[in-house]
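Before any comments, here is the structure.
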Amino acid sequence: MLLARLAQVSREVAATSARSRKTALLAELFRETDPDDVPVVIPYLAGRLPQGRIGIGWKVLSRPVAPAGEPGLTVREVDARLTELAGVSGTGSQAERSRLVGELLGAATGDEQRFLFGLLTGEVRQGALDAVAVEGLAQATGAPPAGVRRAVMLAGSLQTVAEALLADGPPALARFRLTVGRPVLPMLAHSASSVAEAVQKLGAAAVEEKLDGIRVQAHRDGDTVRLYTRTLDDITDRLPEVTAAVRGLPGGRFVLDGEVISLDPGGRPRSFQETAGRVGSRADVATAARAVPVSPVFFDALSVAGRDLLDLPLAERHAELARLVPEPMRVRRTLVAGPQDVAAAEEFLAETLDRGHEGVVVKGVEAAYSAGRRGASWLKVKPVHTLDLVVLAAEWGHGRRTGKLSNLHLGARAADGSFAMLGKTFKGMTDAMLAWQTERLGALAVREHGWGVTVRPELVVEIAYDGLQRSSRYPAGVTLRFARVVRYREDKRPEDADTVQTLLAAHPEVTAP
DNA sequence: TTCCGACAGTGGGGTCGCAAT
DNA sequence: ATTGCGACCCCACTATCGGAA
């Protein structure tokens, strides 16, 4: 199949807003795909490379290359070239990679170049990724969509399921079962603004500690242990102490879901930055492990002794977990019968925060494990802080925000009367707010840049955030975590905005360097 | 008919590893 | 030694479609 055909379908998918039409377009393409091309065509139309990320980003792609006049590239040829690109490493490889990318783009028409650009940056922006591709695959093969979705979650790979389905038809779905050693897409949580709201929605629930660490899925089969992240990356080699802890558990064959976090000698959590830095370290693992040891804390069991637990209610999965994993390696939790127990849930949240943790996750006790989904039966509750800050600048948006001032630079008052930038945010704005702030900030602009405008520091905006963290980028030495706009405060003047000093005082656990 | 679940998009900060400077 | 880039951790929120209620 020609790459031009994929680029054309991608453009058509992007051009329609109806999801049903997007699905139909993908299904049509999948039906006409030669079996040999399936391992490439399916991921491409889901906006991903079968090789995963291959080290090519915006910078390398920003050099323009004259497009070819006629389309001639086949998807298999593109795939072969990208495999070669992914394999190039060692001294001088950067130049070689640039050359190979240039060569590939030079063989592509303008339309194909745009599609390749999207694939390589991971931003195809066609309004259809995995979920729509799964739907299209179901339609093309006559398999039930729910069955395809489930197989993809269990295989942790759309490509694998697509190959099996297009080769053998719907019966192939039966082959995909939870297998120890093969990671499953993890279940995710929604947010709730309070435990009362969460308990109201869920009824009988478990209220679990939410640890601010890295999600981990542990697979053990005898002496073999493998650890996977939320995106199913294998991080076993980076976490020897976790591997040892899992090997020390009594069961011989199981899959557990949990979090790894670094605790200080007093048992209080180290900052997320420290835990994440440790988990990200591959070079000298032994040294990193001595400096920042991490512990696993499990909260779910997906498989025990060859028995698949995914469809069982949380209560039963947790009973299996409790049989296998002793308390310090198991998440702290409390059970509530329903809204009448809100006070107990709130007390548990308060205790959890006192111990230095992030918040709680409230989970319906009857709910199955919805692999790969943001299930409505897991609701996280974290305290939210707010501040009044001043807009210092704004950046032009992209995609559907093109032409709108979108990303705000936020400042707090400093001791000398100036404003110290604390971070940026693009979150929380409705379309109406985007239009309004584009107008308003345009009027306040003192300087135009390619990226946006700097403005007179006069507009006050209420910002919600999850906490403070150290920063080497911003002048105050700190930045806001997950900042988002709540509302504009036109009733406030910049002199009324919060100060760096009060912000630091509100978060004594974070000390600016 | 209205409501709501699921998705995609729009980007945020930090840290590590690697190559270039 | 420092800097820049890319990958990958954490993530919030809004708009939209389409099925459920």
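Throughout, a chain's letter reflects where its sequence line sits, starting with A, and its residues are numbered from 1. Side chains are part of it too, since the values below use all heavy atoms of this structure and drop only hydrogens, waters and symmetry mates.
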Next on the checklist: Taking ring pair (Phe, Tyr, Trp, His ring centres under 6.0 Å) as the definition, give me every residue that meets it alongside A/H409, ordered by chain and number, with sequence neighbours left out.
Outcome noted: A/W451
Item to check | Spacing between A/R278 atom CZ and B/dT15 atom C1', to the nearest angstrom | outcome: 14 Å
Item to check | Salt-bridge contact A/D498-A/R413 (side-chain N to carboxylate O under 4.0 Å) | outcome: no
Next on the checklist: Considering every strand and a 4.0 Å limit on heavy-atom distances, what is the contact class for A/D212: base, sugar-phosphate, or nothing?
Outcome noted: nothing
Next on the checklist: If the threshold is 4.0 Å, N to carboxylate O, is there a salt bridge linking A/R81 and A/E84?
Outcome noted: no
Next on the checklist: Please tell me if A/S471 has a side-chain N or O lying less than 4.0 Å from either OP1 or OP2 of B/dG14.
Outcome noted: yes
Checklist entry - Between A/H385 and A/F482, does the ring centroid distance fall short of 6.0 Å? => result no
Can you pull every protein N or O that's under 3.5 Å from an N or O on nucleotides 19-21 of chain C?
none

Item to check | A/K382 vs C/dA12: side-chain N/O to OP1/OP2 distance below 4.0 Å | outcome: yes
Checklist entry - In whole Å, what is the span from the NZ atom of A/K427 to the C1' atom of C/dA12? => result 4 Å
Item to check | Partners passing ring pair (Phe, Tyr, Trp, His ring centres under 6.0 Å) against A/F30 (at least two apart in sequence or in another chain) | outcome: none
Item to check | Where A/A483 and A/K427 come nearest, the two heavy atoms and their spacing | outcome: O-CD, 3.8 Å
Next on the checklist: Taking donor-acceptor contacts at under 3.5 Å, does the side chain of A/R19 reach the base of C/dT16?
Outcome noted: yes
Item to check | Distance below 4.0 Å between A/S20 side-chain N/O and C/dG18 OP1 or OP2 | outcome: yes
Item to check | More than 12 heavy atoms of other groups within 6.0 Å of A/R215 CZ | outcome: yes
Checklist entry - Taking OP1 and OP2 of B/dG14, is either one under 4.0 Å from a side-chain nitrogen or oxygen of A/Q469? => result no
Side chains of residues 359-369 of chain A: which donor-acceptor partners sit under 3.5 Å, not counting sequence neighbours?
unit_1	atom_1	unit_2	atom_2	d
A/K363	NZ	A/E208	OE1	2.7
A/Y369	OH	A/M187	N	3.0
A/Y369	OH	A/D257	OD2	2.7

Checklist entry - Roughly how many Å is it from CZ in A/R487 to C1' in C/dA12, rounded to a whole number? => result 18 Å
Item to check | Rounded distance in Å - CZ (A/R97) to C1' (B/dG17) | outcome: 13 Å
Item to check | Residue pairs, two or more places apart or on separate chains, that pass side chain to side chain donor-acceptor pair (under 3.5 Å) and touch residues 119-137 of chain A | outcome: A/S10-A/Q126, A/R48-A/D130, A/E123-A/R125
Checklist entry - How would nucleotides 4-9 of chain C be written as a contact map, 5' to 3', with B for base contact, S for sugar-phosphate-only contact and - for no contact, using protein heavy atoms under 4.0 Å? => result -SSSSS
Checklist entry - Which part of the nucleic acid, if any, lies within contact of A/V132, taking any heavy atom under 4.0 Å across all strands shown: a base, the sugar-phosphate backbone alone, or nothing? => result sugar-phosphate
Next on the checklist: Please classify the nucleic acid contact of A/E123 as base, sugar-phosphate, or nothing, using heavy-atom distances under 4.0 Å.
Outcome noted: nothing
Checklist entry - To the nearest angstrom, how far is A/R125 atom CZ from C/dA15 atom P? => result 18 Å
